[in-house]
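Report on the structure given below.
Excluded from the calculations below are hydrogen atoms, water molecules and symmetry mates; all remaining heavy atoms, backbone and side chain alike, are included.
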Amino acid sequence: MNAPEGSTERISLRAELGAAPDPDFTLVLPPGWIRRSVDGAVEKDMLGAMRSRLMQAHRPDLYAQMDRLLRDAFTQMRRVEAVAMFVPSADASEALYLPASLTASIQRAPAGENLDAVVREAIAERGATALLEDKRFLRMETDEVQTLEGERVAVTTVMYLTPIPGSQRRRALRLVLVIMRPVDVPADDPPMVAMRTLFDLCVSTLAWLPAGDAASA
């Protein structure tokens, strides 16, 4: 596995109000995967790269569809206050391509409260457990069939939640893994199990960086 490369810069309401920024984080990723920010420059870069690949593959018929899906994905990530996404590097020949996506966002408690009630509800109602018996991380998994562009696909979603240091449990880092597969492939199919295990291990390596340090992206 390779450590992420590059840097991510974001401006938050906390920074605008003069509060100390939350610490950044790093984690080990699958081979060839990198961390990227969720800003307009990255969106434009990914749209351009996608268009180039589709044209080289002589599939202009897919361009409008994929363009819309990618733009919608960025809109949704910004809506949930995403701070990073983790994807295979287009420049790495050894990149491990998987039918999966991993994004990081911030979950906030209501004003004057902390996230304890959210954690209790997740355990009692959604079957959340400690990640690999590490109580710093809460892990919850769902599996459902969705219709995307007129086709039915099975979607496994795994959410990991861990409190941000110094936030008094008022803010947490939320990592969301989404894995898609054909509807006739069971969730306990060995490659599916191996993929979930791989990302469980990746998330378990998460480490918070000292103030002022920026994670690679």
Side-chain angles (χ1 to χ4, degrees), residues 12-14 19 21-30 35 38 72-73 75-86 98-148 152-209 215:
S12 68
L13 179 61
R14 287 175 54 78
D22 287 328
D24 209 339
F25 65 93
T26 185
L27 71 160
V28 176
L29 296 170
R35 172 178 171 170
V38 192
D72 288 348
T75 298
Q76 179 61 25
M77 284 190 289
R78 286 190 283 264
R79 184 176 296 125
V80 299
E81 201 177 345
V83 295
M85 61 180 174
F86 306 90
L98 301 168
S101 65
L102 182 66
T103 57
S105 59
I106 304 300
Q107 180 156 342
R108 301 178 184 275
E113 301 180 18
N114 59 34
L115 291 167
D116 289 358
V118 172
V119 170
R120 288 193 296 268
E121 187 273 338
I123 294 172
E125 305 295 334
R126 302 173 62 184
T129 59
L131 171 63
L132 303 176
E133 300 185 359
D134 185 344
K135 294 182 179 180
R136 295 176 302 160
F137 300 91
L138 199 64
R139 181 191 189 278
M140 60 203 84
E141 179 177 327
T142 60
D143 195 74
E144 61 182 349
V145 174
Q146 298 180 6
T147 300
L148 300 176
R152 296 173 72 246
V153 294
V155 180
T156 296
T157 303
V158 184
M159 187 174 81
Y160 310 89
L161 204 64
T162 187
I164 295 174
S167 71
Q168 288 76 51
R169 304 194 307 282
R170 296 190 183 101
R171 294 182 302 284
L173 181 69
R174 176 177 53 208
L175 291 158
V176 177
L177 168 69
V178 177
I179 305 173
M180 294 191 292
R181 67 184 191 279
V183 293
D184 58 349
V185 175
D188 60 355
D189 191 54
M192 284 293 299
V193 174
M195 202 181 313
R196 294 198 300 273
T197 300
L198 170 64
F199 281 100
D200 281 354
L201 291 170
C202 289
V203 172
S204 73
T205 69
L206 186 145
W208 296 100
L209 299 176

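Here the straight-line distance linking atom CZ of Phe137 with atom CG of Leu173 works out to 8.5 Å at 0.5 Å rounding. A distance of 11.5 Å separates CG in Asp134 from OG1 in Thr129, rounded to the nearest 0.5 Å. Atoms CZ and CG, from Arg169 and Asn114 in turn, are 5.0 Å apart once rounded to the nearest 0.5 Å. In this structure, CG on Leu115 lies 10.5 Å from CZ on Arg108, to the nearest 0.5 angstrom. Going from atom CG of Asp24 over to atom CH2 of Trp208 covers 8.0 Å, rounded to the nearest 0.5 Å. Residue Ile164 holds its CD1 atom at 6.0 Å from CZ of Arg171, rounded to the nearest 0.5 Å.
Phe199 pairs with exactly one of Leu29, Leu175, Leu102 by the side-chain contact (heavy atoms from CB on, under 4.5 Å) rule, that one being Leu102. The only member of Val183, Asp188, Asp184 that meets side-chain contact (heavy atoms from CB on, under 4.5 Å) when paired with Pro186 is Asp188. Tested against Thr156, the residues Arg196, Arg181, Glu141 include a single side-chain hydrogen bond (donor to acceptor under 3.5 Å, both in side chains) partner, Arg181.
What you find for Cys202 and Leu27 is that their closest heavy atoms are O-CD1, 3.7 Å. Met192 and Ala187 get closest at one heavy-atom pair: CB-O, 3.5 Å. Taking all atoms of both residues into account, the shortest heavy-atom contact from Pro182 to Ala154 is O-CB, 4.1 Å.
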As a quick check of understanding, evaluate side chain to side chain contact (heavy atoms under 4.5 Å, CB included) for Ile179 and Leu98, giving each step before the final call.
CA-CA 8 Å; Ile179 305 173; Leu98 301 168; over 6 Å; no
Could you give me the CA-CA distance, side-chain angles and deciding distance for Thr162 and Val203, then say whether side chain to side chain contact (heavy atoms under 4.5 Å, CB included) is met?
CA-CA 10 Å; Thr162 187; Val203 172; over 6 Å; no
Derivation of the side chain to side chain contact (heavy atoms under 4.5 Å, CB included) call for Tyr160 and Asp200:
CA-CA 9 Å; Tyr160 310 89; Asp200 281 354; 2.6 Å; yes
For Arg126 and Glu121, run side chain to side chain contact (heavy atoms under 4.5 Å, CB included): C-alpha distance rounded to whole Å, both residues' side-chain angles, the deciding distance at 0.1 Å, then the answer.
CA-CA 7 Å; Arg126 302 173 62 184; Glu121 187 273 338; 3.7 Å; yes
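Side-chain contact annotation: Ser105 with Arg174, donor-acceptor N/O pair under 3.5 Å present.
In the displayed structure, Met180 atom CE is contacted under 6.0 Å by at most 12 heavy atoms of other residues, nucleotides or ligands. Within a 6.0 Å radius of CD in Glu133, other residues, nucleotides and ligands contribute 12 heavy atoms or fewer.
Take Thr157 and apply the side chain to side chain contact (heavy atoms under 4.5 Å, CB included) test, not counting sequence neighbours, and it matches Thr142, Val155, Val176, Val178.
At a threshold of 4.5 Å between non-hydrogen side-chain atoms, the residues Ile123 and Leu138 count as touching.
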